[in-house]
Number of protein chains: 2
Amino acid sequence: MKVMRETIVSTARELFRSKGYAGASMNDLADAVGLKKSSLYVRFPNKEALVPAVLDLTLQETFGQRDSASGQWDDEFVEVIEFIATTLTDRGRCVGLHLAYGTSDETPIAKHAVRAFFQAHRDHLSSILSRAMPVDVARDIATDTLARLEGATAFVAIFGEKDAMKRAVRLSIEEAKNAAAAKSLSSR
Amino acid sequence: MKVMRETIVSTARELFRSKGYAGASMNDLADAVGLKKSSLYVRFPNKEALVPAVLDLTLQETFGQRDSASGQWDDEFVEVIEFIATTLTDRGRCVGLHLAYGTSDETPIAKHAVRAFFQAHRDHLSSILSRAMPVDVARDIATDTLARLEGATAFVAIFGEKDAMKRAVRLSIEEAKNAAAAKSLSSR
DNA sequence: GTAAAATACGACCGAACGGTCGGTTGTTAA
DNA sequence: TTAACAACCGACCGTTCGGTCGTATTTTAC
């Protein structure tokens with residue numbers, strides 16, 4: 001009876017999402033995948049090593065199948081942020097942020113993985129936006145977009161409300177289009 | 001040698017801020033205030049009871065000394081969100097959100113306290129804004145403002161960057177003023 | 001089919017967890 | 001000053017934590 005590595009990782013992700021790093025135990029994870037705790041150490045040297053695996057899988061799912069430069073920048077931007085917003089709304093918490101808050105200098109590998117996770121998100125959105133506007137503007141909009149989605153997720157988590165997330169998506173799209181239009185005017 | 005209750009509560013706040021509910025132990029707290037763990041139970045029946053105390057103190061500090069209707073709505077709005085933004089920037093994490101993510105149905109008292117904390121924040125901002133705009137618009141702007149500040153805090157926590165917070169403050173003020181101006185136009 | 005490799009289990013380790021309780025010390029009120 | 005009360009400590013409890021290791025079982029490769 002062999003449990004797939006990806007099953008362990010995606011299960012760990014949901015545990016980290018709901019309970020955070022400190023609150024999710026290796027025994028929780030073992031129970032959830034139908035193994036005993038010691039079996040997890042065959043695949044992962046320690047608890048901390050689960051974090052990069054979880055975040056890499058999540059990045060792969062978010063951006064992995066997306067063919068960059070496949071269409072209009074704005075369609076692609078909308079598609080990505082709607083994918084992210086839908087995931088966050090459905091799951092009610094952001095695993096990246098829960099891990100960000102739950103890791104520290106005492107878990108350097110995990111901390112670095114979290115930072116890389118958010119950096120990849122920002123870089124990916126920036127690269128889409130920079131097809132339509134200056135790089136520095138694109139970066140700020142990418143940052144603010146992620147911040148809005150993160151903040152709106154808090155309202156999903158706390159109140160079960162989805163309106164803030166809808167507005168966050170709408171405002172982010174508007175902001176991006178306005179910035180692109182402003183560049184369009186200034187380049188005439 | 002008597003340790004003040006407020007010292008315990010504000011110390012607990014910083015521990016919950018940095019380590020979350022599960023990650024902060026009663027022994028951490030005892031060490032930090034210079035007591036032994038069992039002494040904490042004289043004042044608090046259990047760990048969970050610390051959460052409402054922490055959040056009530058924070059609300060008191062944020063809104064307690066503010067005289068409502070003391071001036072122009074916009075000055076007051078700016079003052080409050082700048083106070084919140086400064087605190088979040090200085091501390092690098094939002095204790096409310098860390099507790100929100102770290103509490104569940106297993107800690108119902110804490111979960112309820114977190115919800116009340118964010119509700120109080122939203123209500124307070126809404127009441128300021130509703131002096132200048134319809135109640136439903138005020139509520140949405142209050143929500144989006146808090147979401148932006150929350151999201152910008154994530155960038156402080158993860159990257160140590162403050163720019164996103166500055167933009168969040170600026171955009172929130174703009175949004176509020178635009179909404180007030182829109183009401184002003186429509187009422188002529 | 002068989003041997004080697006991979007996976008899984010159960011028992012174990014030391015440390016830490018939230019919380020309890022009897023005894024001691026410090027503070028307060030009369 | 002003294003008694004009552006509050007605060008504090010140290011030892012203790014049962015449980016859980018991350019992780020280790022010898023053995024058993026399953027899977028894989030030839």
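Bear in mind the structure is a predicted one, so any value in this text is a computation, not a measurement. Here is the naming used below: chain letters follow the sequence lines, and residue numbers restart at 1 for every chain.
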Look at B:E175 together with A:R148 and state whether they make a salt bridge at an N to O cut-off of under 4.0 Å. no
Checking A:A24 now: which residues fulfil side-chain contact (heavy atoms from CB on, under 4.5 Å) with it, not counting sequence neighbours? A:L15, A:F16, A:K19
A:T143 side-chain N/O to A:R139 backbone N/O, donor-acceptor pair under 3.5 Å: yes
Using only side-chain N and O atoms of B:R43, determine if any of them is under 4.0 Å from OP1 or OP2 of D:dA6. no
Could you list by number each residue of residues 99-107 of chain B showing a heavy-atom separation from DNA chain D of less than 4.0 Å, or answer none if no residue does? none
Could you check whether B:H98 and B:Y21 have their ring centres less than 6.0 Å apart? no
D:dG19 base to A:K47 side chain: any donor-acceptor pair below 3.5 Å? no
Heavy-atom pair with the smallest gap, counting every atom of A:F118 and A:L146: O-CD1, 4.4 Å
Under a 4.0 Å N-O cut-off, is there an ion pair linking A:R93 with A:E150? no
Could you list by number each residue of residues 14-25 of chain A showing a heavy-atom separation from DNA chain D of less than 4.0 Å, or answer none if no residue does? A:A24, A:S25
Restricting to ring pair (Phe, Tyr, Trp, His ring centres under 6.0 Å), what partner residues turn up for A:F159, sequence neighbours left out? A:F155
Could you list, one pair per line, each protein nitrogen or oxygen that sits under 3.5 Å from a nitrogen or oxygen of nucleotides 21-23 of chain D, together with the distance?
none

To the nearest 10 degrees, how far apart in direction are the end axes of the helix from C:dG1-D:dC30 to C:dA30-D:dT1, each fit to five base pairs? 30°
